[in-house]
Amino acid sequence: MKGVGLRRHAFMFLVAFLVWSSSIETCIARKSKHWRQRRHAASVSLYKKKTKDHSHGHHNYHNGGTKTKPPPYKTTPPSPKVKAPPSPKPKVKVPSIPPPQKGYGNGQQSKVFDVLHFGAKGDGKADDTKAFQAAWAAACKVEASTVVVPAKFIFLVGPISFSGPYCQANIVFQLDGTIIAPTDSKPWGKGILQWLEFTKLKGITVQGKGIIDGRGSGWWLEAPYEDPYDDERKLIIPLNNTVQERPPMPALRFYGSFNVTVTGITIQNSPQCHLKFDNCIGVVVHDMSVSSPGDSPNTDGIHLQNSKDVLIHGTTLACGDDCVSIQTGCSNVYIHNVNCGPGHGISIGSLGKDNTKACVSNITVRDIMMHNTMNGVRIKTWQGGSGNVQGVLFSNIQVSEVQLPIVIDQFYCDKRTCKNQTAAVALSGITYEKIRGTYTVKPVHLACSDSLPCIGVTLSAIQLKPMQERYHLYDPFCWQSYGELTTPTVPPIACLQIGKPPNNRVQSNYDVC
């Protein structure tokens, strides 16, 4: 019995020992589990810190090396939080700016200056001159600005000068209304020789559908018909007392300006010249019109003087003098697609008045329609002048009821008598081609200087027929004119002398420009 009790006590002791041992392992296992969790949490915290410190390094700590086996338990460790890139700022709508336009500078929007906002009445009675001056003074300070003369208003404006040279470039004068001139002499004063003048500007444009009305009929009645005032000195020397109350030569004048454009407008009933360019470079005139009666004295349509690089096209010119007058100092002039009539045709000159020197070169006039004009295409010079005219082409001119379609007149005189002089402006390289249509007096008149004949005159494809055979008409006339006929002509122009004059002298310094 004693042995059995001993074995029972030993067995119970063994069982108690085993139970005690298992509890110790459980505690150790629990402690190990918490240690691993704390270790993993520490590694995650370290990873976060490294990710924050090296967010721009683009290192990947999970994809490189040997993959780590997942722990035996299903608990998924929290994934490391990578700092997200900053969210983009919401877009703010910016007002769109129109792309820069040619000649308007840096894409800046031009500012508008309406003459009504400066006190203009536009009723055709109140004097709006000061309002126009104020609007211009404001626009002058802003590049690519616009002066607006609005439609449906009539503005009475006296003599005014829209002046530089300190104005900004590329100013637009938007003319959609009507500007009328004073009819009494008081606003003109003494020595004022223009009405609307733009001077010393760069990139000036006059455009629109408006009208410039000179209301010149009252002045035409007082004008001495024989004096056209077409030389430059009349613009800079005050008129004498006998004609001091006469209005200015041009209705619209540009002086000393660069890159001038006139388009769309109508100029009508000017007291004298309608549109004039003096000392300008880079002139474009297109799609505009001039309108005055055929018997209005000295009302040139477009008058060019000392101006270069001129383009005139798409215009309709009806006036009482030359549709286009090309004076001394002009070069690189191109005129095409122009309707002329009534008027005196398209002329170079008059040149060399009062023994002055005249220089004109590189002139092209083509694709012209002329109806009921005094002349067609003409060159006119005074005796006693000097200088030269060279490089002139008149091409594809359609004439209808024109008195003298082709003219060179080196004995031009607008008075009853003129003194005979031997000196003359030299003419060379003058071409007339494709001059066609009807005439009423004489088809060709080539009167050149005795002492300095015309040389290099070329006639080609001339077809001119009389309007009515029963009229007393004249045959072609030539004097001291040398050149060539490249085709048969109608009528035959046998008077042109072929070749060069026998005593052709070398051009002297007196003739050189």
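When reading the values below, keep in mind they use all heavy atoms of this one structure, side chains included, and skip hydrogens, waters and symmetry mates.
A donor-acceptor pair shorter than 3.5 Å can be found between the side chains of Asp127 and Thr129. A donor and an acceptor atom, one from each side chain of Asp213 and Gln268, are located under 3.5 Å apart. A side-chain N or O of Gln421 and one of Asn355 form a donor-acceptor pair less than 3.5 Å apart. Gln403 and Thr440 share no donor-acceptor pair across their side chains, judged by distance under 3.5 Å alone. Counting only N and O atoms by type, the side chains of Gln174 and Asp176 include a donor and acceptor under 3.5 Å apart.
Under the 3.5 Å distance criterion, the side-chain polar atoms of Lys202 are left unmatched by any main-chain donor or acceptor of Val260. Listed for the Thr422 side chain is no donor-acceptor partner under 3.5 Å among the backbone atoms of Ser451. Ser145 contributes a side-chain N or O that, together with a main-chain N or O of Ala139, makes up a donor-acceptor pair within less than 3.5 Å. At least one donor-acceptor pair under 3.5 Å links the side chain of His344 to the backbone N or O of Gly320. Using modelled atom types, no side-chain atom of Thr373 and backbone atom of His371 make a donor-acceptor pair closer than 3.5 Å. Without hydrogens or angle criteria, Asn279 side chain to Tyr255 main chain gives no donor-acceptor distance under 3.5 Å. Put simply, the side chain of Asp123 gets close to the backbone of Lys125: a donor and an acceptor are under 3.5 Å apart. With hydrogens and angles disregarded, a donor-acceptor distance shorter than 3.5 Å links the side chain of Asp128 to the backbone of Gly122. When atom types are taken as modelled, the side chain of Ser428 and the backbone of Gly456 share no donor-acceptor pair closer than 3.5 angstrom. Panel note: side chain Ser361, backbone Gly391; no donor-acceptor pair is recorded below 3.5 Å.
We find the CD1-OG1 distance between Ile335 and Thr315 to be 8.5 Å, quoted to the nearest 0.5 Å. One finds the CZ atom of Phe173 at 15.0 Å from the OG1 atom of Thr261 (value rounded to the nearest 0.5 Å). Residue Ile408 holds its CD1 atom at 12.0 Å from OG of Ser449, rounded to the nearest 0.5 Å. To the nearest 0.5 Å, atoms CG (Leu427) and CD (Gln480) are separated by 12.5 Å. Atoms CH2 and OG, from Trp220 and Ser296 in turn, are 4.5 Å apart once rounded to the nearest 0.5 Å. To the nearest 0.5 Å, atoms CG (Asn339) and CG (Leu317) are separated by 8.5 Å.
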Show the numbers, then the answer: is there a salt bridge (charged side-chain N to carboxylate O under 4.0 Å, His left out) between Asp322 and Lys380? CA-CA 12 Å; Asp322 295 328; Lys380 51 182 179 177; 3.5 Å; yes
Please test Thr438 against Val402 for side-chain contact (heavy atoms from CB on, under 4.5 Å), starting from the C-alpha separation and ending with a verdict. CA-CA 7 Å; Thr438 60; Val402 172; over 6 Å; no
Does the side chain to side chain donor-acceptor pair (under 3.5 Å) test come out yes or no for Thr266 and Ser289, once each step is laid out? CA-CA 5 Å; Thr266 296; Ser289 63; 3.0 Å; yes
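Within the 4.5 Å cutoff, the side chain of Thr458 has no heavy atoms near those of the Ile430 side chain. With a 4.5 Å cut-off on side-chain heavy atoms, Val283 and Leu311 do not count as touching. With contacts defined as side-chain heavy-atom distances shorter than 4.5 Å, the pair His303/Phe277 does not qualify. Using a 4.5 Å heavy-atom threshold, the side chains of Ile379 and Val407 count as separate.
No option in Val206, Leu275, Thr316, Thr263 other than Leu275 meets the side-chain contact (heavy atoms from CB on, under 4.5 Å) test with Met288.
Relative orientation of the Trp136 and Phe198 rings is perpendicular, given thresholds of 30° and 60° on the angle between their planes. Ring orientation note: the planes of His336 and His313 are close to parallel, at an angle under 30° on the 30°/60° scale.
Using a 4.0 Å cut-off between charged nitrogen and carboxylate oxygen, Asp300 and Lys276 do not count as a salt-bridge pair. Between Asp409 and Arg378, none of the side-chain N atoms (NZ, or NE/NH1/NH2) sits under 4.0 Å from a carboxylate O, so this pair counts as no salt bridge.
Evaluation of the disulfide bond (SG atoms under 2.5 Å apart) rule for Cys454 yields Cys448 as partners, not counting sequence neighbours. In this view, Thr183 and Arg215 satisfy the side chain to side chain contact (heavy atoms under 4.5 Å, CB included) rule, not counting sequence neighbours.
Applying the 6.0 Å contact sphere to NZ of Lys442 captures more than 12 heavy atoms from other residues, nucleotides or ligands.
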